There are 2 protein chains.
Amino acid sequence: MSHSKKRVTIKEVAADANASLSTVSMVVNGKGYVSDSKRKIVLNSIRKLGYVPSASARSLASNRTNNIGFILRESHFTLSEPFYTRIFLGAEFESKNQNYYVLLATVPDDYKRGTDTPRLLKERNVDGIIIAGKVNINLLREVEDSGIPFVLVDYQYKSYPSITIDNRNAAIEAVRYLIGKGHTDVAFLGADISHPSISERLEGYQLAMMHADPPETGELVFIDEHQSPTLQTGYELGVKILNGAKRPTAVFCANDALALGLIKYAREKKIRIPEDLAVVGFDDVEGGKFSTPQLTTVRVFKEQIGELALKLLAELLDDVPKSNTRYERSNHMLTVPTELIVRESA
Amino acid sequence: MSHSKKRVTIKEVAADANASLSTVSMVVNGKGYVSDSKRKIVLNSIRKLGYVPSASARSLASNRTNNIGFILRESHFTLSEPFYTRIFLGAEFESKNQNYYVLLATVPDDYKRGTDTPRLLKERNVDGIIIAGKVNINLLREVEDSGIPFVLVDYQYKSYPSITIDNRNAAIEAVRYLIGKGHTDVAFLGADISHPSISERLEGYQLAMMHADPPETGELVFIDEHQSPTLQTGYELGVKILNGAKRPTAVFCANDALALGLIKYAREKKIRIPEDLAVVGFDDVEGGKFSTPQLTTVRVFKEQIGELALKLLAELLDDVPKSNTRYERSNHMLTVPTELIVRESA
DNA sequence: TTGATATATCGAAGCGCTTCTATAAATTTC
DNA sequence: GAAATTTATAGAAGCGCTTCGATATATCAA
């Protein structure tokens, strides 16, 4: 490139430090045997000359890219509430510590093998992959077949490594909180139940309600399986919930968007929150802090999840070459806890 | 990597096609002279063997990385409303066409040279850089000094290539719309005026009001220079606006977040929108569609801007090696138009 | 004391490409 | 129709690094 000053190479460092290429390389990578004295001299030359290793040369010689891929659905990335974006950010942050670059790839919801294959997969330009959220099974299978190690986030597939939210317990805690406030008719508001996170939240709700008085009958479970959990869906189901035969006094929502949609409708109907209707959300997205009333919700530590995913993947990548055990056999399915954030809506 | 099947190399393709390495390379890159017949044979071998060039080998040999860096402030990426995120997405999308990978780097607001230098810059791991939004001047200077071509988005610096929004005209259009609705007391709600986008919107407002009756005196300009344009700031300035000596009947806000904050306060004060107060925002973020009332605003084509930025940068990168003219001299400062979206709030 | 093992350094091969140079045939120019 | 030019292909150098022996010395166990 005409614009860049010539870059300092390992050769120049070696010359300056009066060492061999391999010695410098070893110092840089912290491998092999180098005496303390020599190491100091080399390090000094590196600093003096401002040497920075070339990623591509390194990559070519070592057969690892030092890239990791982060794949999510377009619709998840573009979502108005940056849930997965924050997870990405957490991963990106941690990648600096682990010396990886994160390449983002978005895939369509109706992923088809071949045509939609992300470039980073096709070109095998990553050492490992993080897949965030529920994605098309075809993608999962393609990544699986590629042999590239991967970690799932907020989703599970077979027993591959994953980071998931402790949805069940979080839901139990939230619903118990509602029951503790004296509510007996607590409804559940959900959407696409095929997403494990949502079905687990429903399970938690059911578990908590099982011992309630009166026990939950399913009458107050409102789900629209064909919709994603958006504000829109929340609004529409709100119509059903608040005009149904048995109107609940509290609603536990599968996520904040749904909760916000419900609140929007309730306020239009002049239903007071939390006096007439208590609402609890899930995720703790930004918008909940600014809604009227402010949303009581379950906080999910998104950045931390991303960080964890990258750490786990990095670990996997370190291990794979050493052991020959198939990595998916190990107990690498982590669950992260949540926190109930009580604000105004319940 | 132990997990990956051996990759097909150019050598194998050459052998299969009975051609030399250079011929295959030329076919792949569309350079030099290759007869049609030979090209067909090579292409066929490539397909048959499933050959995909190694990015790192390519990069090493050609001295270009095929990466482009996308730098923005952490606070801009994490913003609840994904303005810059969508621009990033647009760039990411276009990068597939141009055969680049986009490496994202976030930098702190109080960027300091050296400590905060993004890895992609330090390691010179990109051919070009996109800088989105207002960033610290230190970063700008560091990128400038690096000699790596760059394009600014929604910001300008000297006369370097940039993609900016047509803020002035958009503001004029919005304010004229308000005036056309019969409003005479139209206020401006802004924040950090040092951001050119915001000051230009103010200028547009002032231009439009100049010919209004009565002409604008500055009395209705509400800005808090020390705040970023968030919901919070909008709420706080809302207090001033609606309790001031001269209460406006319409407000043109420098962005949607401010508008939404203002609306939140107004509704708490039982001020009806748009009957008592008309509000117009700017940006057209997701949240505006779901607010009550739905926000009238100026739409900014975010994805398109990202796309344009990447295209422009790619062009620059193609040109630089050919011509010797300094690229920042050329007329590469693009302005993209907007569109007034009339919904309920005005 | 003597193998065996750990420590230290170096040289060279080679990762998979691009690109320069060489060579030759085909085509154009006047 | 000889010289210049364009088209076509191959060979080889080399991009900047990692890593595999090779070699040599120092340390250890018996």
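All values below were derived from every heavy atom in this structure, side-chain atoms included, with hydrogens, water molecules and symmetry-related copies excluded. All chains are named by letter (A, B, ...) in the order of the sequence lines, taking the proteins before the strands, and each is independently numbered beginning at 1. These numbers were taken from a predicted model, which means no experiment stands behind them.
There is no side-chain donor-acceptor pair under 3.5 Å between S162(B) and T164(B). Checking E142(A) against Y111(A) by side-chain atom types alone, a donor-acceptor pair falls below 3.5 Å. Judged purely by distance below 3.5 Å, without hydrogens or angles, the side chains of N99(B) and R119(A) pair a donor atom with an acceptor atom.
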Study note, to complete from the structure: Letter by letter from the 5' end, nucleotides 7-14 of chain C scores (B base, S sugar-phosphate only, - none; protein heavy atoms under 4.0 Å) BBBBB--B
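Applying the salt bridge (Lys or Arg N to Asp or Glu O under 4.0 Å) rule to pairs touching residues 32-61 of chain B yields D16(B)-K48(B), sequence neighbours excluded. Under the ring-ring contact (aromatic ring centres under 6.0 Å, His included) criterion, the residue pairs touching residues 33-74 of chain B are F70(B)-F88(B), with sequence neighbours excluded.
Within 6.0 Å of atom CZ in F93(A), 12 or fewer heavy atoms from other residues, nucleotides or ligands are found, so the atom counts as exposed in its surroundings.
Taking atom CD of residue E123(B) and atom C1' of nucleotide dC17(D), one finds them 14 Å apart after rounding to whole Å. When rounded to the nearest whole Å, the span between CG of L49(B) and P of dG16(C) equals 15 Å. Atom CZ of R124(B) is separated from atom P of dG16(D) by 13 Å (rounded to the nearest Å). Whole-Å rounding puts the R7(A) CZ to dC17(D) C1' distance at 11 Å. A straight line from CD of E12(B) to P of dG16(C) spans 8 Å, rounded to a whole angstrom. Summarising the geometry, the separation between CG on N125(B) and P on dC15(D) is reported as 19 Å, rounded to the nearest angstrom. Atom-to-atom, CG of N63(B) to C1' of dC17(C) comes out at 13 Å; the value is rounded to the nearest Å. In this entry the distance linking CD1 of I10(A) with P of dC17(D) reads 5 Å, nearest Å.
One finds a side-chain N or O of N29(B) lying less than 4.0 angstrom from the OP1 or OP2 phosphate oxygen of dT18(C). Side-chain N/O atoms of K31(A) include one lying less than 4.0 angstrom from OP1 or OP2 on dT19(D). Distances shorter than 4.0 Å separate none of the side-chain N or O atoms of S25(A) from OP1 or OP2 on dC17(D).
Looking at T65(B) and D127(B), their side chains come closer than 4.5 Å, going by heavy atoms from C-beta outward.
Note on S54(B): only backbone sugar-phosphate atoms sit closer than 4.0 angstrom, heavy atoms only; bases stay farther off.
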